[in-house]
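Lettering follows sequence order; numbering is per chain, from 1. Keep in mind the model is a prediction, meaning the values are calculated, not measured.
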There are 2 protein chains.
Amino acid sequence: MDTQDTVSREAFPSSSKYYLTTDSGLKIPFRKIKQEKTTVNSTQKDTSNPDIILYDTSGVYTDPKIAIDLSKGLPEVRYWLKEDEELTNLPRLSSDYGNVRLEDASLNHLRFPNLEKPRKTKRESHTQMYYAKQGIITPEMEYIAARENQMMNDYAQHPGKDWGANIRQKITPEFVREEVAKGRAIIPANINHPELEPMIIGRNFLTKVNANIGNSVVTSSIAEEVEKAVWACRWGADTIMDLSTGANIHETREWVIRNCPVPLGTVPIYQALEKVNGDPVKLTWELFKDTLIEQAEQGVDYFTLHAGVLLRYIPLTASRLTGIVSRGGSIMAKWCLAHHQENFIYEHFAELCEILNKYDVSISLGDGLRPGSIADANDKAQFAELETLGELTKMARGHNVQVMIEGPGHVPMQLIKENVDKQLELTHEAPFYTLGPLTTDIAPGYDHITSAIGAALIGWFGTAMLCYVTPKEHLGLPNKEDVKEGLIAYKIAAHAADLAKGFPAAQYRDDALSKARFEFRWEDQFNLSLDPYTAREYHDETLPAEGAKIAHFCSMCGPKFCSMKITQEIRNMAAEKDTDENTIIEKGLEEKADEFNQKGSSIYL
Amino acid sequence: MDTQDTVSREAFPSSSKYYLTTDSGLKIPFRKIKQEKTTVNSTQKDTSNPDIILYDTSGVYTDPKIAIDLSKGLPEVRYWLKEDEELTNLPRLSSDYGNVRLEDASLNHLRFPNLEKPRKTKRESHTQMYYAKQGIITPEMEYIAARENQMMNDYAQHPGKDWGANIRQKITPEFVREEVAKGRAIIPANINHPELEPMIIGRNFLTKVNANIGNSVVTSSIAEEVEKAVWACRWGADTIMDLSTGANIHETREWVIRNCPVPLGTVPIYQALEKVNGDPVKLTWELFKDTLIEQAEQGVDYFTLHAGVLLRYIPLTASRLTGIVSRGGSIMAKWCLAHHQENFIYEHFAELCEILNKYDVSISLGDGLRPGSIADANDKAQFAELETLGELTKMARGHNVQVMIEGPGHVPMQLIKENVDKQLELTHEAPFYTLGPLTTDIAPGYDHITSAIGAALIGWFGTAMLCYVTPKEHLGLPNKEDVKEGLIAYKIAAHAADLAKGFPAAQYRDDALSKARFEFRWEDQFNLSLDPYTAREYHDETLPAEGAKIAHFCSMCGPKFCSMKITQEIRNMAAEKDTDENTIIEKGLEEKADEFNQKGSSIYL
């Protein structure tokens, strides 16, 4: 458990860690990709190609200069979370369950060996929203502004055609604060997770991606669980959710959080259910509350809470093709029906907010009644619950607790926009966090694709974070390869959404990669891609020789048919022509362009 | 070459061939999937589940009753294409090149052994459009109507909630005729391809998918080429394009067409270029014309022609990030510049139409200036060419030649709709046939996904056929597994588009699969999926035992956490409650629903 070898640490090809230091001394990590020089004919006089600086979720694992010891946890990023007039370190854990586990000597071999005392605020609140509302810019906000803005700065500085043309208003710390104060964005950052590299979820920022990890029936080892988290961050997870339902969840979670550079979310009802041996009917508010405190003091950054599954909504699912498909939703529904009582999370929501408020745990309001099939999309049950989520959002904000809203699920394309429109309206512009949605039910085994289509669309329409779906969805438990496949599909969807939203500088990486492609800089094309290893492997299957990587043609078409090669030749021919010739061609062009514009004007009116 | 074993013939699991016989005696092939009975608690009294009848592109290869002999070719479907007052069988080939190859004894071992005489019309025209304009319903139109409509009939007849609710006007032979007469749909069906199972491409029909096959630098054997075509049809290719550029293209193509149940398209300029040893400058109209006749008499159903790459448009690509990326486009551009002459395909377009008219070869007007990167999307070059394609469409229709229009390429999501809108406007509603588009450039190795997103969107907006992209795009030559991956991604996109368009009965398969999933009919869930083999394999990785396939829980969550299992329990609980209880719940629900509707009305106004 304590060697570097148990987790993935290799830097990506031609990539290194780049730290930007802010005025106030924060060190913001990025990935820097070095490019080769242009060697084929180019109109550029300067043949060098700039370093490409990318947003980086992989943590210090990809920085070879940093020593990693999993048993000590990651170095603290949020060093400002020290005991002071606002924060206190509690002498012991506040949850009964946490103390029982801590005192159980039989668990010593499993327990994270360097536990710190839990932090709790001394004040009325210690959330990012609380400070935002007071007009205070936290270090987290400053960190995030630099992190989100760097790509823009970099893009703007690059020479060449159109570089920087797409730049709009910079993301400033003040802008971050405003968005958090309004509840339009959240910064999931538990004060007990100082290892976290702060990030933001909101539709005016880069679209984020969540990866679910966690063991289930088959028990994984703790080392495997930590590696799952590191692996997911490596491939671009902006947050991870630990959905473990097996043994030793408490101890495993501690190891994961201490070594996790991104926000960690959980669904506390899963662990609560384990505590009552899997019988939803035996759940109680007291048990659930103890679970919330247990996890909050470990450092969980956000909780999925199925507080909107109300007794009166359950009959709305009776005529559905696939009923209730959310695990948390079905657990709460069964409890409600069995007790003839209202959902206890809903009933105790104010008390719950007061707990979360003390640790800055954000809430992800679960869509327990989300549709599980195309047939059930956008039905009464789904939107009834959404209305309740809106009511709860207001209440949480009143307690300065940050909130995002979970969304479906299975939705055909033409019904996706309605989901975003209703969500923004009914839940007062809280960030939307959707699972897919899957745009058809007919492709189990390929639901990372059916859902990447929906995810790209819903991201474009305003969803702030996309929960990934792996190829194993509906069929089995994802392995590491599946996690990677799911993440790549969702990084594609999120990036496509950022492009479509006109997000400043989103096109930076596309342009760099396409330029490399056009100039037959194969190595750069691989290195700039979302998955350099696979890109290289596919290329080498057809043209394995090293020489082929400097070949001025593509392995698909061969030298005779390479359009890019011919285009280069055309440019050369054009350059060789005398001025008269060019004038003639250009004159023809101008005339045609005029004609086109004139026709265009009349055709489109 | 002459045994069954060289091509894939296995029927899909629980699937068999089902032939519908029309009133006039046409036998229309479908795939029938047998389902198991419902065994878990269900509100249905009848526990049987109907056979699911699906559109089937796989040809008779998946019918074990049909003997296949590749050296004889497929049985003729279009038996009506016999010598009569309209058709003649020519005594010899009309193309010089065709005759040279035929007379070359050294090619005997490669040549398809059962060549028929080429058919040519005796009349002014013999195209589907010609007959459509005359008000004549051809057997092809009748065949297509039955093929496109069957799923709807089937869907309408199924019992149960909402089955059949989505049905609108039937697709009749007369409707097919009207759409073809207007040029809004095409039936690519060369009179020299009697083995073809007729299909239609138009935005008021099911969205179609094309797969590109063909050898390149590395020579594949003829048997391999035939298997590629069969394999592509098996996985859902509605048409295939043979983009071969290697040796013996002529002979290989003959073998492929004789054994191909779907329309085959080619890019004749590729073969023409082979004939001049790869130097575009040496191309001539005479050589190209001979190639068109050669391929038309073999039975190629549609030609991609880069007739819109005009001399005056070429300078428009000069400032692009990635220039000209279409192979055909770059070949024509180089020819134009080198000769200071207008594109010879454009110049001889009327003569070309007269040739195609005699064989009913459809035209796919190539987008030689399509964007090859996000940066170049929707630029002047692209839309200038599109305007010319509109002009050529009119001309072709005047010669009764059917036309579709090719589209990009690389386009970010927010610019996709403009492509369809402009295309429909400028090219007079000709069917649109797009490559992807890729919605980002940053994921080589995963461009089947970047482009499935764009394909689903553009299909929804009105594209009639989607040209697939495989994971190897930009990197290398696709192998069989890549072809399958590309096709699955595109069947997903096409189906998502059909759902979004509200295409009648598109939801048929989704509903059947989701019902199977909800009822834990694992075998049916696998069998109804686009790829039954992968679905089963993924399931078995987690829960391999045969018993797990009748398990009433999902392999992801295990028995305790299965939401679908809990939902079943909730339904049972609800059923057990006395009437009063239910009334109370329902009353609460109704009140809430009223409240919701009232608020809704005011919120959204």
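B:A456 and A:M413 get closest at one heavy-atom pair: O-CE, 3.2 Å. When every heavy atom of A:T439 is checked against every heavy atom of B:A496, the shortest pair comes out as OG1-CB, 3.7 Å. The heavy-atom pair separating B:I449 from A:H448 by the smallest distance is CD1-CD2, 4.1 Å. Between A:W522 and B:H474, the shortest heavy-atom contact is CZ3-O, 3.5 Å. Scanning both residues, B:Q507 and A:A375, for their nearest heavy atoms gives NE2-CA, 3.4 Å. Taking both residues in full, the closest heavy atoms of B:N479 and A:E541 are given as ND2-OE1, 3.8 Å, listed atom of the first, atom of the second, then distance.
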Please walk me through it: do B:L321 and A:K515 pass side chain to side chain contact (heavy atoms under 4.5 Å, CB included)?
CA-CA 6 Å; B:L321 186 61; A:K515 185 168 184 287; 4.0 Å; yes
Checking B:D441 against A:R509 for the side chain to side chain contact (heavy atoms under 4.5 Å, CB included) test, could you report, in this order, the C-alpha distance in whole Å, the side-chain angles of both residues, the deciding distance, and whether it holds?
CA-CA 8 Å; B:D441 304 340; A:R509 190 173 184 176; over 6 Å; no
Test side chain to side chain contact (heavy atoms under 4.5 Å, CB included) applied to B:V325 and A:F518, step by step
CA-CA 9 Å; B:V325 296; A:F518 189 62; 5.6 Å; no
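At a 4.5 Å heavy-atom cutoff, the contact between B:L457 and chain A is made by backbone and side-chain atoms alike. No part of B:P532 comes within reach of chain A, as not one of its non-hydrogen atoms sits under 4.5 angstrom from that chain. Interface remark: A:L528 contributes backbone atoms only to the contact with chain B (heavy atom separation under 4.5 Å). Only the backbone of A:S326 comes within less than 4.5 Å of a heavy atom in chain B; its side chain stays farther off. Proximity to chain B (any heavy atom under 4.5 Å) is shown, for A:I453, by both the backbone and the side chain. Looking at A:E537, neither its backbone nor its side chain comes within 4.5 Å of chain B, counting heavy atoms on both sides.
Atoms CD1 and OG1, from B:I488 and A:T450 in turn, are 12.0 Å apart once rounded to the nearest 0.5 Å. Separating the OH atom in A:Y446 from the OG1 atom in B:T534 is a distance of 3.5 Å, to the nearest 0.5 Å. Taken from OG in B:S514 to CG in A:D376, the straight-line distance is 8.0 Å, to the nearest 0.5 Å.
Of the listed residues A:H495, A:K491, A:R517, the one with more heavy-atom pairs under 4.5 angstrom with chain B than any other is A:R517. When B:G329, B:P471, B:G372 are compared by the number of non-hydrogen pairs under 4.5 Å with chain A, B:P471 comes out ahead. Chain B forms more heavy-atom pairs under 4.5 Å with one residue of A:T322, A:L438, A:L499 than with any other, namely A:T322. Annotation: maximal heavy-atom pairing with chain A below 4.5 Å, among B:A452, B:A500, B:A443, B:G445, occurs at B:A500.
Within the 4.5 Å cutoff, no side-chain heavy atoms of B:L475 are placed close to those of A:R536. The shortest distance between side-chain heavy atoms of A:P444 and B:H539 does not fall below 4.5 Å.
No side-chain donor-acceptor contact under 3.5 Å links B:D510 to the backbone of A:I374.
Just one of B:D511, B:I492, B:L530 meets the side chain to side chain contact (heavy atoms under 4.5 Å, CB included) condition when paired with A:I442; it is B:L530.
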